[in-house]
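A short write-up of the structure that comes next.
When a ligand or atom number is given, it counts from 1 through the structure's own listing order.
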Amino acid sequence: MTLPEDGRPAAELLDRLAALRAADLPVRGGKVTAYVYDTGRDAVHDLAATAYGEMLEVNCLDPTAFPSIVALEREVVGAVAAELGGGTGVFTSGGTESIMLAVKAARDARPVAGRPQIVLPTTAHPAFHKAAHYLGMEAVPVDVDAGFRAVPASIAAALTPRTVLVVASAPSYPQGAMDPIPEIAAIASAAGVPCHVDACVGGWVLPWLRDAGRDVPPFDLSVPGVTSLSCDLHKYGYAPKGASVVLFADPALRRRAYFASAEWPGYTVINSGVQSSKSAGPLGAAWATLGAVGAAGYRDLAVRAMDSAERLIAGLPDGLRVLGDPVVPLVAVASDDPALDVFALADEARARGWFFQPQLSYRGIPANLHFTITGVSDTGALLGALADAAKAARAAGPPAVPDGLVDAIAALDLDTIDDAGFAELLASVGADPSGGGGMAIVNAVLDALPPATREGLLIRFLSALYA
Ligand SMILES: *Cc1c(COP(=O)(O)O)cnc(C)c1O
């Protein structure tokens, strides 16, 4: 599209949007077991959309001009804090921003000589690597145990005088494994270092599972030594995207997350988050979603999702097995059968209208498929699709990576190839990034390469996609 000289009729523009959306994966219904969270209650999502619209044009840039955002944020953060051990917080656009703020606060609270370090389990979310990258810090990854849980003694051994933050996950995303938070927080506290609990994905399921009588180990701000915690409302809070909360045990630490600037001749800038101008739509929608679902609703959704996850684990087709022992409805499934390739399985599922999220092998953890099970998930249909896709993937066999391709790609000087050249390379192996076809071979090639090479290729992939 080029910008039209005269504005187009609304109906024409909306038709075009609808046509584009037709190629997307469905955001409701439970056939996409990652990225989207469906309560199965349409009225909740419709209300969120209305509330989003109500707040859409309100600008969070100036909370004195729009006091509604202060009131709404206090209520949302207060509701989250009440379930997660107290504290004071900030409403952010997502887990990445919540983590960015916690990392910045820790860096600024405890200046060290040299490059500040974050000690984190290898299963921690890449948002910590991103924060380190953006904030001029160093991430120090520490291996996990056979159950994908952080090892307190290894965390202790990784601390240096430059450590400004210790991270643990409640739970980590890839296998839904719960780190031993009390032990890790005690180690951090003894060293005088803040400890962040990443409860982005688990923070709004674990309290409800505990309420419902499940065994949930201590993980929140009530644990001694935990200084901050992130909880995404756009995951198991079922709010539209753009909704997360970062909590701080100490208001002084929250202030370290803030930013103010009077270094220009314009309006004074006071930001609690990374963005400056931003829509209050996500805040209004998250507030409405929390209020509409309520504690009983979240308890019900959490229990239903966890029951579904357990049925999925119990019913896995032959040759597939769960990795670890997930404490929330996140299920990672690996293959024990060399004839059944998980990336091929994901492609077969996609062709049948399902999305199963591929996860590459990493530090001895096998390649696997990740299932985020939500309130709407129908395990019967999911297991049926999984069995069909597994059968087809076995029949098709593992992706046929041409001889020498991995070595050739590893040896490529990516700087000598432009986006068009990279797109040709993708096409030559049958991959169609925009339509989702042929991704098994892309994943198989990535899987055979070390992380740094994967990252270089992923950047090129993204660039080619948008070229
Ligand atoms: C999703 C997630 C994040 C990042 O959240 P975004 O909202 O995607 O930025 C961080 N940590 C964990 C454990 C997550 O599951």
Next item on the list: Examine ligand 1 and decide if any of its atoms is less than 4.0 Å from a heavy atom belonging to Lys241.
Entry: no
Check: Would you say Glu97 contacts ligand 1, with heavy atoms under 4.0 Å as the rule?
Finding: no
Less than 3.5 Å apart, any donor N or O on the side chain of [X] or [Y] sitting next to an acceptor on the other?
{"X": "Asp198", "Y": "Ser169", "answer": "no"}
{"X": "His45", "Y": "Thr39", "answer": "yes"}
{"X": "His196", "Y": "Ser230", "answer": "yes"}
{"X": "Glu57", "Y": "Ser279", "answer": "no"}

Considering only heavy atoms of [X], which atoms of ligand 1 have at least one such atom less than 4.0 Å away?
{"X": "Asp232", "value": "1 (C), 5 (O), 7 (O)"}
{"X": "Gly94", "value": "7 (O)"}
{"X": "Cys200", "value": "2 (C), 3 (C), 10 (C), 11 (N), 12 (C), 14 (C)"}
{"X": "Ile99", "value": "10 (C)"}

Next item on the list: Dump the intermediate steps for side-chain hydrogen bond (donor to acceptor under 3.5 Å, both in side chains) on Thr88 and Arg254, then the final yes or no.
Entry: CA-CA 7 Å; Thr88 165; Arg254 177 173 73 164; 3.0 Å; yes
Got the closest protein heavy atom to [atom], with its distance?
{"atom": "atom 14 (C) of ligand 1", "answer": "Lys235 NZ, 2.9 Å"}
{"atom": "atom 6 (P) of ligand 1", "answer": "Gly95 N, 3.5 Å"}
{"atom": "atom 10 (C) of ligand 1", "answer": "His125 CG, 3.2 Å"}
{"atom": "atom 9 (O) of ligand 1", "answer": "Thr96 OG1, 2.6 Å"}
{"atom": "atom 13 (C) of ligand 1", "answer": "Asp198 OD2, 3.3 Å"}

Next item on the list: Evaluate the side-chain hydrogen bond (donor to acceptor under 3.5 Å, both in side chains) criterion for residues Ser98 and Ser244: first the C-alpha distance (whole Å), next the side-chain angles of each, then the deciding distance (0.1 Å), finally the verdict.
Entry: CA-CA 7 Å; Ser98 288; Ser244 174; 2.7 Å; yes
Next item on the list: Decide ring pair (Phe, Tyr, Trp, His ring centres under 6.0 Å) for Tyr236 and Tyr298; before the verdict, give the C-alpha distance in whole Å, the side-chain angles of both, and the deciding distance to 0.1 Å.
Entry: CA-CA 8 Å; Tyr236 285 106; Tyr298 283 117; 10.0 Å; no
Margin query: Centre-to-centre under 6.0 Å for Phe355 and Tyr35, is that the case here?
Written below: yes
